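Beneath this line is the structure, given in C-alpha cells, with notes to follow.
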Amino acid sequence: FAKVIDYSEDEIAEIGTVRIALDRMAVKLSNLYGSQADYLRLKRIATLCMEAGERGDMEEERKYDCDFHLELAKISRNRMLMKFQQQLYLRVAFILLNHPNPIEDEPTHRMQHLKLVDAFFAHEEQEALSIITAHLSSFYHLGEKYPPRFFASKIDDSDFNKISKGTCV
C-alpha cells in the first residue's frame, strides 16, 4: 500500500519560506567559511544548470538546481543545516516534478546562481543575501504573500551586543 502525498499552494509557499531562511543562513556561513575552490565548484554547477535550462532539458536543470543549493549548504560547514536541506530537497524534488511552476523571467532566474557565486568571490555578503532571497522568492511567488523586505535583515553591532547580553532588541 503506497500513500501518495501532494502539496497545496499554501504548503508549497511554506516550503519556500523555509528554504529562504535556510539558504540565507547557508549564504552567510558560506561567505564566512567558503574557499575559492568551493566557489569554483559552485560556479561549475551553476553553469551546468544554466546550460541545461538553455537547452530546454528541464530534468537536468532541476537536478543541477538542487545540486547547487545542496553544495551551498555543504560549503556552510554546518551539518545540521545540510541535513535540513537534504530533507527539504526530497519535498522540493517532488514539487518540481508534480507542480509546473512558471517563472516570470527564466533567463534572470538562471543567471542568479552565477551572480550569487560572483558575490561570494567579491565577499559581498549583502548582495549574496539579496540574490538568494530574490531567487527563491520569485520561484515560490512569495512576493505576493509577504510584504516588501520581509526577508531582509541587517543586525548592526549594537543589536548583536544586546542579543549576546540577553536583552531583547
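Keep in mind that what you see is a predicted model, and the values were worked out from it rather than measured. Numbers for residues simply follow the sequence, beginning at 1. Both backbone and side-chain heavy atoms feed into the values below; hydrogens, waters and symmetry mates do not.
Here E61 pairs with R110 in a salt bridge; the nearest charged N to carboxylate O distance falls below 4.0 Å. Residues K63 and E59 are not paired through a salt bridge, judged by the lack of any N-O separation under 4.0 Å between the basic side chain and the carboxylate. The existence of a salt bridge linking D38 and R77 is confirmed by a sub-4.0 Å separation between a basic side-chain nitrogen and an acidic carboxylate oxygen. A salt bridge is defined here as a Lys NZ or Arg NE, NH1 or NH2 lying under 4.0 Å from an Asp or Glu carboxylate O, and R41 with E71 meets this definition.
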Apply side chain to side chain contact (heavy atoms under 4.5 Å, CB included) to L116 and Y39, showing your working. CA-CA 10 Å; L116 179 61; Y39 302 150; over 6 Å; no
Subject >> side chain to side chain contact (heavy atoms under 4.5 Å, CB included) between I132 and L136, intermediate numbers included >> reply: CA-CA 6 Å; I132 198 69; L136 294 172; 4.2 Å; yes
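I45 contributes atom CD1, which lies 11.5 Å from atom CG of L40 (distance to the nearest 0.5 angstrom). Distance check, rounded to the nearest 0.5 Å: OG1 of T108 to NZ of K115 gives 6.5 Å. From S35, atom OG reaches atom CD1 of I75 across 7.5 Å, with rounding to the nearest 0.5 Å. Note that NZ of K83 is 5.5 Å distant from CD of Q87, once rounded to the nearest 0.5 Å. Distance check, rounded to the nearest 0.5 Å: CD of E125 to CG of L129 gives 5.0 Å. Atom CG of L48 sits about 10.0 Å away from atom CE of M50, to the nearest 0.5 Å.
Both L72 and F84 belong to a common hydrophobic cluster when Ile, Leu, Val, Met, Phe, Trp and Tyr are linked at side-chain heavy-atom distances under 4.5 angstrom. When hydrophobic clusters are built by joining Ile, Leu, Val, Met, Phe, Trp and Tyr residues whose side-chain heavy atoms come closer than 4.5 Å, directly or via intermediates, L81 is grouped together with L70. When the side chains of ILVMFWY residues are joined at heavy-atom separations under 4.5 Å, either directly or via intervening members, I12 and L142 end up in a single hydrophobic cluster. Placement of M25 and Y33 within a single hydrophobic cluster is found when ILVMFWY residues are connected by side-chain heavy-atom separations under 4.5 Å, directly or transitively. Taking hydrophobic clusters as Ile, Leu, Val, Met, Phe, Trp and Tyr residues chained together by side-chain heavy-atom distances below 4.5 Å, L29 shares a cluster with I20.
Proximity of E51 to D57: side-chain heavy atoms (C-beta onward) are nowhere separated by under 4.5 Å.
Y89 and R19 share a donor-acceptor pair across their side chains, judged by distance under 3.5 Å alone. Using modelled atom types and a 3.5 Å distance limit, the side chains of D65 and H113 yield a donor-acceptor pair. For the 3.5 Å distance criterion, the side chains of Y64 and T47 fail to qualify, holding no donor opposite an acceptor. In this model, no donor atom of one side chain and acceptor atom of the other lie less than 3.5 Å apart for N31 and E124.
In this structure a side-chain-to-backbone donor-acceptor pair under 3.5 Å is missing from T133 to S130. Panel note: side chain S76, backbone A73; a donor-acceptor pair is recorded below 3.5 Å.
Using cut-offs of 30° and 60° on the angle between ring planes, the pair F151 and Y146 is perpendicular.
Atom CZ of R55 has more than 12 neighbouring heavy atoms from other residues, nucleotides or ligands inside a 6.0 Å radius.
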